[in-house]
Amino acid sequence: MERMSDKTSFFQKIKNGLDKTRRNIIGNVDNVLSAFTKIDEELFTELEEALIMADMGVLTSSKVIELVKNRVKHERVTDVSKIKDILADEITSVITGGITGGDEAIFAPVYPAVFLIIGVNGVGKTTSIGKLASLYKQTGKTVLIAAADTFRAAAVEQLGIWAQRCGVPMIKQAAGSDPAAVIYDAVTSAKAKGTDVLICDTAGRLHNKKNLMEELKKIHRVIEREYPEAHLETLLVLDASTGQNAVSQAKLFNDAADITGIILTKLDGAAKGGAVVSIIDELTVPVRFIGVGEGIDDLREFDPRAFARALFNHTEGGQV
Ligand SMILES: Nc1nc2c(ncn2[C@@H]2O[C@H](COP(=O)(O)OP(=O)(O)OP(=O)(O)O)[C@@H](O)[C@H]2O)c(=O)[nH]1
Ligand SMILES: [Mg+2]
């Protein structure tokens with residue numbers, strides 16, 4: 001459905017977006033490698049620190065270095081200059097590990113589907129919903145949006161603008177009303193119309209964290225009770241530019257909601273993009289979509305192989 005040039009330009013956006021991250025990772029690694037003439041334990045210790053400095057997280061950095069060490073031992077590598085390629089290889093294997101990827105079909109395991117979009121304030125939930133609505137509409141699916149962030153009046157308005165821009169309907173109620181009631185209305189409407197994808201916005205901030213988590217649980221229960229035949233995806237939005245904070249947020253939200261996937265936003269210009277590697281490695285749920293800008297077309301399905309190619313500045317095109 002997409003033209004090759006669209007894919008290539010999106011790939012280019014990812015590559016450009018990962019520029020700072022790449023310089024951060026490769027720069028740190030180059031600094032270490034240039035200080036060594038032979039491969040020893042100290043080199044590996046410093047390499048591990050370089051990855052941690054690039055926000056790759058302690059667990060993931062240590063895992064990557066173990067993989068590199070094994071390769072070096074197995075292949076009897078003695079040349080320091082070979083380490084960089086091996087490192088890129090092993091980071092790639094962590095990024096692509098366990099995820100098949102490369103599937104051209106747009107993500108939605110079963111229709112009708114409900115996407116519940118959650119995450120802390122400002123990460124890009126509402127914007128991602130606009131982009132998702134457009135993406136599904138372009139593939140011929142019917143989409144309905146639910147404005148269940150009733151905490152701020154402006155939130156409903158902002159989502160309304162996206163709905164209009166995509167030409168999809170939106171269910172809303174007055175600001176301050178019960179978000180679960182909005183969801184109930186939206187489910188009723190989706191069932192009546194036979195909508196393929198219902199996408200629900202939620203608040204990122206309430207009076208306190210406990211309230212927020214309780215509200216998400218309530219919304220979850222309403223969808224499960226009222227629409228058991230729909231495939232429910234709870235997608236957590238994480239801002240890639242916040243580095244390891246994003247990993248902590250995921251752990252926090254996972255306690256309250258059964259997260260089934262991640263939407264990673266703001267990969268354009270994220271200096272702390274090394275965290276993406278640890279998000280993929282440490283979280284048990286897959287990254288489903290990535291955002292690389294504020295425009296309506298700046299969200300795509302995540303393709304781990306293409307992402308790894310973009311990270312290491314390889315030139316081939318491909319869907320990311
Ligand atoms: N550069 C860039 N900006 C983005 C991306 N996604 C979202 N944004 C911007 O991030 C800001 C916050 O986005 P929202 O979609 O309002 O975030 P939210 O999670 O809905 O925020 P709350 O409703 O306050 O919880 C906006 O200025 C968006 O344009 C992205 O992929 N790249
Ligand atoms: Mg919002």
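Order of appearance sets the numbers: ligands from 1, and atoms from 1 within every ligand. When reading the values below, keep in mind they use all heavy atoms of this one structure, side chains included, and skip hydrogens, waters and symmetry mates.
Every heavy atom of A155 sits 4.0 Å or more from the atoms of ligand 1. Not a single heavy atom of G119 sits less than 4.0 Å from an atom of ligand 1. At least one heavy atom of V123 sits less than 4.0 Å from an atom of ligand 1.
In terms of protein heavy-atom proximity, atom 14 (P) of ligand 1 is closest to T127 OG1, 3.5 Å. Distance from atom 24 (O) of ligand 1 to its nearest protein heavy atom, with residue and atom name: R152 NH2, 3.4 Å. In terms of protein heavy atoms, atom 18 (P) of ligand 1 is closest to K125 N, 3.4 Å. Annotation: atom 21 (O) of ligand 1 to nearest protein heavy atom, G122 N, 2.9 Å. Among all non-hydrogen protein atoms, the one lying nearest atom 9 (C) of ligand 1 is E294 OE2, 3.8 Å. Among all non-hydrogen protein atoms, the one lying nearest atom 6 (N) of ligand 1 is K131 NZ, 3.9 Å. When only non-hydrogen protein atoms are considered, atom 17 (O) of ligand 1 lies nearest to G124 N, 3.1 Å. Distance from atom 8 (N) of ligand 1 to its nearest protein heavy atom, with residue and atom name: K266 CE, 3.7 Å.
Under the 4.5 Å side-chain criterion, counting only non-hydrogen atoms from C-beta, E214 is not in contact with K218. Side-chain contact between L267 and F307: present, with at least one pair of heavy atoms (C-beta onward) separated by less than 4.5 Å.
A continuous path of Ile, Leu, Val, Met, Phe, Trp and Tyr side chains, each step under 4.5 Å between heavy atoms, connects I199 with L216, placing both in one hydrophobic cluster. Taking hydrophobic clusters as Ile, Leu, Val, Met, Phe, Trp and Tyr residues chained together by side-chain heavy-atom distances below 4.5 Å, L59 does not share a cluster with L87.
For K69 and E66, the salt-bridge test passes: some basic side-chain N is under 4.0 Å from an acidic carboxylate O. A salt bridge between K13 and D298 is present, with a side-chain N of the basic residue lying under 4.0 Å from a carboxylate O of the acidic one. Taking the charged nitrogens against the carboxylate oxygens, D19 and K15 have no contact shorter than 4.0 Å, which rules out a salt bridge. With respect to K84 and D30, a salt bridge is recorded, a charged nitrogen being found less than 4.0 Å from a carboxylate O.
No hydrogens or angles considered: a donor-acceptor pair under 3.5 Å links the side chains of D196 and T142. Residues E49 and T45 bring no donor and acceptor atom of their side chains to less than 3.5 Å of each other. Between the side chains of T126 and D201, at least one donor N or O sits under 3.5 Å from an acceptor N or O. S278 and Q244 are linked by a side-chain donor-acceptor pair at a separation below 3.5 angstrom, with hydrogens and angles left out of the test.
Taking every non-hydrogen atom of G291 and a distance limit under 4.0 Å, the qualifying atoms of ligand 1 come out as 31 (O). Of all atoms in ligand 1, numbered sequentially from 1 with element shown, those under 4.0 Å from a heavy atom of D149 are 23 (O). Residue contact check: V292 has heavy atoms under 4.0 Å from atoms 31 (O) of ligand 1. Here is the list of ligand 1 atoms found below 4.0 Å of a heavy atom in G204: 25 (O). Under a 4.0 Å criterion applied to the non-hydrogen atoms of Q158, ligand 1 contributes the atoms 14 (P), 15 (O), 16 (O).
At a heavy-atom cutoff of 4.0 Å, ligand 1 is contacted by both the backbone and the side chain of T126. Under 4.0 Å from ligand 1, not a single heavy atom of K13 appears. Neither the backbone nor the side chain of L267 comes within 4.0 Å of ligand 1, counting heavy atoms alone.
Summarising the geometry of S61 relative to G57, their closest heavy-atom pair is OG-O, 2.6 Å, with the distance given to 0.1 Å. The two residues D239 and A246 come nearest to each other via the heavy atoms O-CB, 4.0 Å.
Within 6.0 Å of NZ on K20 lie no more than 12 heavy atoms contributed by other residues, nucleotides or ligands.
For ligand 1, the polar-atom distance check against A203 finds no nitrogen or oxygen pair separated by under 3.5 Å. The N/O atoms of D298, backbone and side chain alike, include none that comes under 3.5 Å of an N/O atom in ligand 1.
For the Mg ion (ligand 2), the set of protein N/O/S atoms nearer than 2.8 Å consists of T126 OG1, ordered by chain and number.
Under the side-chain contact (heavy atoms from CB on, under 4.5 Å) test applied with R288, the options I263, L132, T260, L235 reduce to a single match, L235.
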